[in-house]
Number of protein chains: 2
Amino acid sequence: MENKSISDIIEAYLKEILGDSAQVEIRRSEIANQFDVVPSQINYVIKTRFTIQNGYLVKSKRGGGGYIRIERVNLLDDVNVLNSLIQAIGDSVRERDAFDIVRTLYEEDVVTRREGDLMLVALSKQALAVNDGKIEDQLRARILVSFLNRLRYES
Amino acid sequence: MENKSISDIIEAYLKEILGDSAQVEIRRSEIANQFDVVPSQINYVIKTRFTIQNGYLVKSKRGGGGYIRIERVNLLDDVNVLNSLIQAIGDSVRERDAFDIVRTLYEEDVVTRREGDLMLVALSKQALAVNDGKIEDQLRARILVSFLNRLRYES
DNA sequence: GCTCTTTTGACTAATCTTGACCATTATTTT
DNA sequence: AAAATAATGGTCAAGATTAGTCAAAAGAGC
């Protein structure tokens, strides 16, 4: 299990310093220095691992005193978060993004492991594969939004 | 039985390092090197010997820090029910029939009420509506069969 | 020989790493 | 003020590093 990429390690570090707090603020260059990578790698880590699909909101500011703030959010609890999630889905969503969302729901205890797994198979490429990849993503978006609405209004 | 192919040997090795653990993570190129075969042979071994029918789930990631993860799962004993349902579904199923099947699963205690509801959402006309009704029924069949296959095991 | 399985490798796809160049904000100088 | 400079973070594309696919060639079992 020591096959982790440096991006994985940075991800773990950021999640660790986030801990139980609602948010954490970092300096890009500091983290980059700490792990001896170029600064833009921090952007890569954030862009691939701290998305709204993963349950995170990220804000930043440039210039002197600049920062990157990572905030952990609950997908269904907050109307604004749910709205931006649904907006991010739009009318088309790739398998990867859909999977991230379901995993986030599971980690937030919104769904059980088994429920999450059932959602995953319905959203999988395997189940939805149709000649046209565009239509596949559209179908996936409709199913996923249906799931979200169902979960939202049920309990 | 003395004529073991290299694939058999690799299979045995993977099962050995899996041991009692729930899962194991390998690097394709490492194993390939270790047994002096081309990397794609590892894919062959996995595809032919670590299938879900045999009780294994496989996940992988490419790129730096990439891996192949093999996980062992417990197969359940509702297999007969599931098999006959899958047979009955074939490659096309109408909404009404799909709903009946989900209700059966619920009544047979194969799924919880909530799990059944989530399945219904994904099988609904609303979620799957496509211009072509024939394709819609085929999609529904694939999703429903995927559900049933997922219910074969627990992880 | 014929068929099924195994082995191989060329080509493809996904993910990670790096660096050059760009944009924004704060601070200092004029 | 306005302009220059410093101090941040952002974007994007090329290259590196994995794994996946597919079909042809080779081998094994009848």
Side-chain angles (χ1 to χ4, degrees), chain A residues 1-14 23-54 56-71 93-100 103 124-126 129 133 136-137, chain B residues 1-14 23-54 56-71:
Chain A
M1 306 283 206
E2 70 296 320
N3 313 16
K4 299 216 183 272
S5 67
I6 186 69
S7 287
D8 290 335
I9 295 169
I10 294 171
E11 171 192 5
Y13 173 74
L14 293 178
Q23 60 176 50
V24 67
E25 238 177 64
I26 61 169
R27 223 163 249 245
R28 188 178 77 152
S29 55
E30 256 178 29
I31 307 290
N33 254 310
Q34 194 169 329
F35 291 95
D36 196 31
V37 297
V38 295
S40 62
Q41 179 137 16
I42 309 307
N43 295 86
Y44 175 74
V45 171
I46 286 173
K47 196 169 157 193
T48 54
R49 291 148 159 91
F50 292 88
T51 65
I52 181 64
Q53 289 88 346
N54 288 320
Y56 297 92
L57 286 182
V58 178
K59 278 191 175 181
S60 66
K61 199 169 84 168
R62 308 187 191 189
Y67 59 81
I68 299 178
R69 178 187 313 156
I70 301 175
E71 183 185 0
V93 65
R94 291 169 309 162
E95 186 185 52
R96 161 88 190 256
D97 291 325
F99 280 19
D100 281 346
R103 189 165 40 75
S124 70
K125 240 186 163 44
Q126 166 147 31
E136 174 191 325
D137 288 349
Chain B
M1 304 291 191
E2 290 303 312
N3 298 334
K4 292 200 189 259
S5 67
I6 185 68
S7 287
D8 289 335
I9 295 170
I10 293 171
E11 172 191 6
Y13 172 75
L14 292 177
Q23 60 175 47
V24 68
E25 233 176 70
I26 61 169
R27 282 191 164 209
R28 189 178 75 152
S29 57
E30 258 178 26
I31 307 291
N33 254 309
Q34 195 169 328
F35 291 94
D36 197 30
V37 298
V38 295
S40 61
Q41 179 136 15
I42 309 306
N43 296 89
Y44 176 73
V45 172
I46 285 174
K47 197 168 160 192
T48 55
R49 291 148 161 91
F50 292 87
T51 64
I52 183 57
Q53 287 84 0
N54 291 324
Y56 296 94
L57 285 183
V58 178
K59 219 178 114 184
S60 66
K61 197 166 88 169
R62 308 184 192 188
Y67 58 80
I68 298 178
R69 177 184 310 152
I70 301 175
E71 181 186 2

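Computed from heavy atoms alone, side chains included, the values below leave out hydrogens, waters and symmetry copies. Each chain gets a letter, A, B and so on, in the order the sequences are listed, and its residues count up from 1.
- Using a 4.0 Å heavy-atom cutoff across all strands shown, A:R69 reaches no nucleic acid atom at all.
- Listed pair B:R49 / C:dT5 fails the phosphate criterion, with no side-chain N or O lying under 4.0 Å from OP1 or OP2.
- Residue-to-nucleotide contacts include no donor-acceptor pair under 3.5 Å from the side chain of B:S40 to the base of D:dG20.
- Between the CD atom of B:Q41 and the P atom of D:dG20 there is a distance of 14 Å, given to the nearest Å.
- Interatomic distance, CD of B:E30 versus OH of B:Y67, reported as 15.5 Å (0.5 Å rounding).
- Atom CZ in A:R27 sits roughly 13 Å away from atom C1' in D:dA6 (whole-Å rounding).
- Taking 4.5 Å as the limit, every side-chain heavy atom of B:L14 sits out of range of all side-chain heavy atoms of B:E11.
- Atom CD in B:E11 sits about 16 Å away from atom C1' in C:dT7, given to the nearest Å.
- In this model, the phosphate group of C:dA14 is not approached by any side-chain N or O of A:R96 to a distance below 4.0 Å at OP1 or OP2.
- One distance of note links CZ of A:R28 with CG of A:N33; it measures 11.5 Å at 0.5 Å rounding.
- Nucleotide D:dA19 holds its C1' atom 15 Å from the NZ atom of B:K59, rounded to whole Å.
- If you find the closest nucleotide of DNA chain D to A:N43 and to B:G66, the one lying nearer the 5' end belongs to A:N43.
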If you restrict it to nitrogen or oxygen atoms, what contacts under 3.5 Å exist between nucleotides 22-24 of chain C and the protein, and what is each distance?
| from | atom 1 | to | atom 2 | distance (Å) |
| --- | --- | --- | --- | --- |
| C:dA23 | O4' | A:R62 | NH1 | 2.9 |
| C:dA23 | N3 | A:R62 | NH1 | 2.9 |
| C:dT24 | O2 | A:G63 | N | 3.4 |

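- For B:I6 and D:dA28, the CD1 to P distance is 13 Å, given to the nearest whole Å.
- Checked against A:V45 for a side-chain contact (heavy atoms from CB on, under 4.5 Å), the options A:D8, A:V37, A:I9, A:I10 give a single hit: A:I10.
- Atom CD of A:Q126 has 12 or fewer neighbouring heavy atoms from other residues, nucleotides or ligands inside a 6.0 Å radius.
- Of all non-hydrogen atoms in B:R49 and B:Y44, the two that sit nearest each other are NH1-CE2, 4.0 Å.
- Rounded to whole Å, the distance from CD1 on B:I68 to P on C:dT15 is 14 Å.
- For B:R28 and D:dG20, a side-chain-to-base donor-acceptor distance below 3.5 Å is present, hydrogens and geometry of angles not being considered.
- Surrounding CZ of A:R94 are at most 12 heavy atoms belonging to other residues, nucleotides or ligands under 6.0 Å away.
- Here the shortest heavy-atom pairing between B:I70 and B:Y56 reads CG2-CD2, 3.9 Å.
- Put simply, A:K61 has a side-chain N or O that comes within less than 4.0 Å of OP1 or OP2 on C:dA26.
- Across all strands, A:Y44 comes closer than 4.0 Å to base atoms (heavy-atom distances).
- A:I42 comes within contact range of no nucleotide atom at all, as no heavy-atom separation falls under 4.0 Å.
- The phosphate of C:dT17 (OP1 or OP2) has a side-chain N or O of A:S7 nearer than 4.0 angstrom.
- Dashed line: the shortest gap from a side-chain N or O of A:S60 to OP1 or OP2 of D:dT8 is not under 4.0 Å.
- Of the candidate nucleotides C:dT8, C:dG19, D:dT8, C:dT8 has the atom lying nearest to any side-chain atom of B:V38.
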